[in-house]
K.L.:
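I have a structure here, written as structure tokens, and I will follow up with some questions on it.
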Number of protein chains: 2
Amino acid sequence: MTCTPTHLASQIQEHGFRLTRQRLAILNILYDSGGHLTPTEVFQRLHVLLPGVTEPTVYRNLDFLRQHGFIHATSTPSGRLEYQIVTHSHHHLTCKICGATIEFEDEHLQPLFARLEEMTGYHLSEHHVTFMGFCPQCKSKGE
Amino acid sequence: MTCTPTHLASQIQEHGFRLTRQRLAILNILYDSGGHLTPTEVFQRLHVLLPGVTEPTVYRNLDFLRQHGFIHATSTPSGRLEYQIVTHSHHHLTCKICGATIEFEDEHLQPLFARLEEMTGYHLSEHHVTFMGFCPQCKSKGE
DNA sequence: GTCCTTATTGTAACTTGTTGCAATAAGAAA
DNA sequence: TTTCTTATTGCAACAAGTTACAATAAGGAC
Ligand SMILES: [Mn+2]
Ligand SMILES: [Mn+2]
Ligand SMILES: [Zn+2]
Ligand SMILES: [Zn+2]
């Protein structure tokens with residue numbers, strides 16, 4: 001799976017979507033960051049590259065790219081979205097107290113997904129889930 | 001597990017927190033609804049009961065009640081939070097296309113949680129997770 | 001009941017996210 | 001290259017959510 005901005009850009013065009021300067025810049029920003037970015041963080045960096053750009057363009061493009069599978073979103077504990085170019089399928093475990101986040105491989109979720117699909121008839125499409133808990137350091141402090 | 005507003009109210013006081021009219025009214029609203037409510041929905045209903053109440057009070061109390069385990073929150077696909085008084089431990093499966101949501105019992109998630117806890121040293125505290133996918137009706141239409 | 005302490009509230013200003021619509025520019029066609 | 005179509009953008013106004021701080025009221029002591 002190649003997930004460079006260049007590769008994603010041609011995917012976008014192959015699907016018949018327009019490759020705007022804004023869209024390409026957002027892909028570059030996400031790629032360079034390597035991790036998760038909030039829409040505000042994307043906007044701040046994008047504003048440097050393309051001074052005229054506005055917030056609605058950022059929100060609309062992040063949602064557009066996510067809807068078509070070019071990037072992934074995950075919910076934070078506070079109910080916001082963060083975006084990322086996912087190169088290896090993974091999920092997250094975040095400490096409710098200190099925020100420490102670790103990743104775990106998608107394969108660990110597959111048995112559960114298989115069972116849920118069998119039970120419910122749904123097709124599970126989630127590839128970037130965040131679970132909440134307490135890290136080893138904070139475990140003693142609270143429930 | 002008794003989860004009536006009256007019972008939750010005494011729990012709040014037993015923990016040394018103050019039982020304000022606003023706090024009690026929010027519990028009643030969530031209890032009467034029976035399902036998930038957004039902060040805005042809670043505010044609209046609360047405003048009828050206690051005309052002077054403001055949005056920050058709603059957001060602060062929903063977060064307060066959640067933090068101390070009196071109510072539960074779950075993330076929607078659009079990255080917002082919804083709140084509920086959870087009487088039986090359950091999770092959700094939501095269709096990305098039509099929004100159809102079904103519940104499944106907590107016990108199905110326990111084997112995964114046990115394995116993650118063992119692998120990572122984290123203590124998983126999540127009791128109200130929403131997974132995304134495609135319902136049987138919408139399954140054919142998109143990935 | 002009155003008094004006291006301070007957790008909780010309302011206010012005002014702010015940040016973050018969304019929507020309708022006219023102006024623009026991506027990409028196809030000539 | 002120039003022209004054409006329309007997806008995408010910027011703009012303006014709005015909705016949702018957060019914060020600092022002074023005013024209020026919950027609940028314990030008397
Ligand atoms: Mn990730
Ligand atoms: Mn629920
Ligand atoms: Zn921690
Ligand atoms: Zn559906």
Side-chain angles (χ1 to χ4, degrees), chain A residues 5-6 8-27 29 36-68 70-71 73-83 99, chain B residues 5-6 8-27 29 36-68 70-71 73-83 99:
Chain A
T6 311
L8 290 169
S10 38
Q11 291 273 337
I12 287 171
Q13 288 181 313
E14 281 166 27
H15 284 249
F17 303 119
R18 292 186 187 176
L19 181 65
T20 62
R21 289 171 301 141
Q22 293 87 337
R23 212 161 260 179
L24 182 58
I26 288 172
L27 289 175
I29 287 165
H36 302 157
L37 292 181
T38 65
T40 300
E41 287 168 337
V42 172
F43 173 71
Q44 287 164 349
R45 301 181 191 198
L46 186 55
H47 193 67
V48 177
L49 302 176
L50 303 172
V53 79
T54 59
E55 284 96 341
T57 296
V58 172
Y59 287 101
R60 283 184 294 222
N61 271 311
L62 288 172
D63 195 54
F64 166 89
L65 293 167
R66 180 200 57 76
Q67 269 190 303
H68 296 91
F70 301 118
I71 67 177
T74 195
S75 294
T76 68
S78 59
R80 298 256 164 112
L81 292 177
E82 291 181 346
Y83 295 87
Chain B
T6 311
L8 291 169
S10 38
Q11 291 274 335
I12 287 171
Q13 288 182 314
E14 281 166 26
H15 283 249
F17 303 119
R18 293 187 186 174
L19 182 64
T20 62
R21 291 170 300 142
Q22 294 86 339
R23 213 161 259 180
L24 182 57
I26 288 173
L27 289 175
I29 287 165
H36 302 157
L37 292 181
T38 65
T40 300
E41 288 168 336
V42 171
F43 173 70
Q44 287 165 350
R45 300 179 193 200
L46 186 55
H47 193 65
V48 178
L49 303 175
L50 303 174
V53 78
T54 60
E55 283 95 343
T57 296
V58 171
Y59 286 101
R60 284 184 294 220
N61 271 311
L62 289 172
D63 195 55
F64 167 88
L65 292 167
R66 180 201 57 75
Q67 269 189 301
H68 295 91
F70 301 117
I71 66 177
T74 195
S75 293
T76 68
S78 59
R80 298 258 163 110
L81 292 177
E82 291 181 346
Y83 295 87

K.L.:
Write down the distance between CG (Leu24(A)) and P (dT9(D)), rounded to a whole number of angstrom.
P.N.:
12 Å
K.L.:
Could you tell me the separation between the CG atom of Leu62(B) and the P atom of dA16(D), rounded to a whole number of Å?
P.N.:
14 Å
K.L.:
For the pair made of CD in Glu82(A) and P in dG17(C), what is the distance, rounded to whole Å?
P.N.:
10 Å
K.L.:
Of Leu19(B) and Arg80(B), whose nearest nucleotide on DNA chain D comes first from the 5' end?
P.N.:
Arg80(B)
K.L.:
Using a cut-off of less than 4.0 Å, is there contact between a side-chain N or O of Tyr59(A) and OP1 or OP2 of dG17(C)?
P.N.:
yes
K.L.:
Under 6.0 Å from the NE2 atom of His68(B), do we count more than 12 heavy atoms belonging to anything else shown?
P.N.:
yes
K.L.:
For the OG atom of Ser10(A) and the NE2 atom of His15(A), what is their distance to the nearest 0.5 Å?
P.N.:
10.0 Å
K.L.:
Over how many whole Å does the gap from Gln67(A) atom CD to dT8(D) atom P extend?
P.N.:
11 Å
K.L.:
Expressed in angstrom and rounded to an integer, what is the separation of His68(A) atom NE2 from dA7(D) atom C1'?
P.N.:
12 Å
K.L.:
Between dT19(C) atom C1' and Asp63(A) atom CG, what is the distance in whole Å?
P.N.:
13 Å
K.L.:
Would Thr38(A) and Thr40(A) count as having a side-chain donor-acceptor pair, cut-off 3.5 Å?
P.N.:
no
K.L.:
Mind listing the N/O atom pairs, protein and nucleotides 8-12 of chain C, below 3.5 Å?
P.N.:
| residue | atom | partner | partner atom | Å |
| --- | --- | --- | --- | --- |
| dT8(C) | OP1 | Arg18(B) | N | 3.4 |
| dT8(C) | OP1 | Arg23(B) | NH1 | 2.8 |
| dT9(C) | OP1 | Thr20(B) | OG1 | 3.0 |
| dT9(C) | OP1 | Asn61(B) | ND2 | 3.0 |
| dT9(C) | OP2 | Asn61(B) | ND2 | 3.3 |
| dT9(C) | O3' | Gln22(B) | NE2 | 3.0 |
| dG10(C) | OP2 | Thr57(B) | OG1 | 2.5 |
| dG10(C) | N7 | Arg60(B) | NH2 | 2.9 |
| dG10(C) | O6 | Arg60(B) | NH1 | 3.0 |

K.L.:
Taking all non-hydrogen atoms of both residues into account, name the closest pair between Glu82(A) and His36(A) and its distance.
P.N.:
OE1-CB, 3.3 Å
K.L.:
Does Arg66(B) pair with Asp63(B) as a salt bridge, N-O distance under 4.0 Å?
P.N.:
yes
K.L.:
Distance from Tyr59(A) atom OH to Tyr83(A) atom OH, nearest 0.5 Å?
P.N.:
9.0 Å
K.L.:
Using only side-chain N and O atoms of Thr40(B), determine if any of them is under 4.0 Å from OP1 or OP2 of dA15(D).
P.N.:
no
K.L.:
dG17(C) P sits how many Å from Tyr83(A) OH, rounded?
P.N.:
9 Å
